Amino acid sequence: MKRTLHIEPLPSETNGSTVRRACRIIRRDGAGAAEESILWFALPAGLVYPDDTDCDGYLLTMLMDAMSEGRAVSISGSISADLLSNLDEFQGAWHVWMPDKYQTVPIDVDVVREDRRPVEGAVCAFSGGVDGMFTLWRHARGLVGHRTQGLKFGVFVHGFDIPRADEQAFNTNYRRYSEALAGIGVKLLAPVTNCRDVPRVRWEHTYGLALAGLLVNFKLEAGTGLIGGERNYANPRIAWGSTMLTDHLLGSGEFRMMTDGCTHDRTQKVAAIAGWPDGVRHLRVCWRGGLNDRNCGMCEKCVRTMASFRANGLEVPECLHEPTDLAKAVRGLTLERPTLLTYWEEVCVHAEANAVQDPWLEEARRLTRKYARQNIVKEICGRSAAFNLLFCRPVRWYRRLIRAFADKPAEV
């Protein structure tokens, strides 16, 4: 039974200040009934957009759905020749990383376009966080040497981290960010999309594709898309939505995708953006507090960002709502993912290099030691042993650990 995912572009529509580009997504399982949905991008009017048959953005947004469901892709429109080549390699990378989750699938296109020469200028993804702020700041100020891109727009997407239903929070943030970016000569655009509703793949795996799929709509205005890198070259991340290893494969000869800032870790980025007071005043890093227009000041990411400022000998900006006792806040943290340990280790390294001796640093050291031990035990004994290490009697845990070593086959 052949399973397919068909992309059919629809005519664009202009409604006042918005241009709506859209396509029909049709899933078919053999000769059975088709399942249809509409993927759309609502873009600011007054700019030049690709023609209606150009399906680059739609393919980028939906590709991982096809890979996860094992569906051959067919497109009633045009795709860049370079993008098709890059996406073959992109699919191969994800299949290597997660062979049980993602297959490589064929892509059949009505028209394969030869790429035009890219226009000058860049658009930069921006949501108010450290990574995007760092990228905007240093490119706007020409601080990246020969790699500096001439920024035309920042792009703040409604429908990504802020749900489309929360218009008040989005509009509040948009006003703040527009003012901050205007101070460095960059115009902020606010497109809206439903691309978190149509794809079914885990968002953490596909958000980079969705972002590239949106940014490529601006390729006739700017030929480069910038994404602030989450990790640095010392600690690269694989099998994640955006990574310096594969982000460049989401572009083409007429629209390059660049992951920026991977030469710096997060604490170093905080030190750099301190030179942009208007930006730092509106920094928004929180995603667990339930408040889409502000930081909660209590979650792990909020506390870690406060610690990054303190590690650089900087005052914590008011927008982070620093608690009276930062040490107590660090002491109460739980690191839900192993990758968070790396961020806290970096904070400690920079604090020590800057001769910081505040009480929170000792709590941060304790936090990293605790989770470093937990990760080691997980590798040796599995998750239940890590639980025992943290919560059960030490004698019981030591007996289990000894048995694990005794049962572990010798390496030859």
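Computed from heavy atoms alone, side chains included, the values below leave out hydrogens, waters and symmetry copies. This one's a predicted model, so the numbers in the text were calculated from it and none came from an experiment. Sequence positions, counted from 1, serve as the residue numbers for this chain.
Note on R266 versus E346: no salt bridge recorded, every NZ/NE/NH1/NH2 to OD/OE distance being 4.0 Å or above. With salt bridges taken as basic N to acidic carboxylate O contacts below 4.0 Å, none links K301 and E336.
Sorted by first and then second residue, the salt bridge (charged side-chain N to carboxylate O under 4.0 Å, His left out) pairs with a member in residues 182-194 form an empty list; sequence neighbours excluded. For residues 73-97, no residue pair satisfies the salt bridge (charged side-chain N to carboxylate O under 4.0 Å, His left out) rule, not counting sequence neighbours. Evaluation of the side chain to side chain donor-acceptor pair (under 3.5 Å) test over residues 59-78, restricted to residues two or more places apart or in two chains, returns H6-S74, H6-S76, R27-D65, R27-E69, D29-R71, E69-R71, S78-R113. Residue pairs satisfying the salt bridge (charged side-chain N to carboxylate O under 4.0 Å, His left out) criterion with at least one member in residues 217-228, sequence neighbours excluded, are listed as follows: D54-K219, D56-K219, K219-E254. The ring-ring contact (aromatic ring centres under 6.0 Å, His included) analysis of residues 211-237, with sequence neighbours excluded, yields the pairs Y49-F218. Sorted by first and then second residue, the salt bridge (charged side-chain N to carboxylate O under 4.0 Å, His left out) pairs with a member in residues 137-160 read R138-D260; sequence neighbours excluded. Among residues at least two apart or in separate chains, there is no ring-ring contact (aromatic ring centres under 6.0 Å, His included) pair with a member in residues 298-357. The stretch residues 123-147 participates, sequence neighbours left out, in these ring-ring contact (aromatic ring centres under 6.0 Å, His included) pairs: F126-Y177, F134-H264, W137-W276.
D265 contributes a side-chain N or O that, together with a main-chain N or O of T267, makes up a donor-acceptor pair within less than 3.5 Å. A donor-acceptor pair under 3.5 Å is absent between the side-chain atoms of D358 and the main chain of W360, judged by distance alone. Of the possible donor and acceptor atoms, one in the side chain of T368 sits under 3.5 Å from a partner among the backbone N and O of R365. N194 contributes no side-chain N or O that, together with a main-chain N or O of D197, makes up a donor-acceptor pair within less than 3.5 Å. Here the side chain of D247 pairs no donor or acceptor atom with the backbone of S242 at under 3.5 angstrom. Side-chain atoms of Y58 come within 3.5 Å of backbone N or O of A22 as a donor-acceptor pair. Distance alone, capped at 3.5 Å, places no donor-acceptor pair between the N295 side chain and the G297 backbone. The backbone N or O of W203 lies less than 3.5 Å from no partner atom in the side chain of T206, so there is not a single donor-acceptor pair. Using modelled atom types, one side-chain atom of N173 and one backbone atom of N292 make a donor-acceptor pair closer than 3.5 Å. Using a distance-only test at 3.5 Å, with no hydrogens or angles considered, no donor-acceptor pair links the side chain of Y174 to the main chain of A190.
Enclosure of atom CD in E362 by more than 12 non-hydrogen atoms of other residues, nucleotides or ligands within 6.0 angstrom is indicated. Under a cut-off of 6.0 angstrom, the local environment of CD in E120 is sparse, with at most 12 non-hydrogen atoms contributed by other residues, nucleotides or ligands.
Not counting sequence neighbours, F153 has no partner by the ring pair (Phe, Tyr, Trp, His ring centres under 6.0 Å) test. Applying the side-chain hydrogen bond (donor to acceptor under 3.5 Å, both in side chains) rule to E35 yields the partners R200; only residues at least two apart in sequence or on another chain are considered. For the salt bridge (charged side-chain N to carboxylate O under 4.0 Å, His left out) test, residues two or more places apart in sequence or in another chain that qualify with D161 are R284.
Using modelled atom types and a 3.5 Å distance limit, the side chains of R256 and T224 yield a donor-acceptor pair.
Atom OG1 of T243 and atom CZ of R231 lie 9.5 Å apart (nearest 0.5 Å). Here H158 contributes atom NE2 and S127 contributes atom OG; the two are 13.0 Å apart, rounded to the nearest 0.5 Å. Note that CD of E322 and CE of M306 are 6.5 Å apart. Values are rounded to the nearest 0.5 Å.
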Quick one: side chains of residues 94-112, donor-acceptor pairs under 3.5 Å with protein atoms, not counting sequence neighbours, listed by atom name and distance.
| unit_1 | atom_1 | unit_2 | atom_2 | d |
| --- | --- | --- | --- | --- |
| H95 | ND1 | Y102 | O | 2.8 |
| Y102 | OH | H205 | ND1 | 2.9 |

- request: Show the numbers, then the answer: is there a side-chain contact (heavy atoms from CB on, under 4.5 Å) between V186 and L188?
  value: CA-CA 6 Å; V186 178; L188 185 63; over 6 Å; no

Steps toward side-chain contact (heavy atoms from CB on, under 4.5 Å) verdict (L283, V130): CA-CA 7 Å; L283 184 66; V130 170; 4.0 Å; yes

- request: Give the intermediate values and the outcome of salt bridge (Lys or Arg N to Asp or Glu O under 4.0 Å) for residues E318 and R294.
  value: CA-CA 11 Å; E318 291 183 6; R294 70 199 74 173; over 6 Å; no

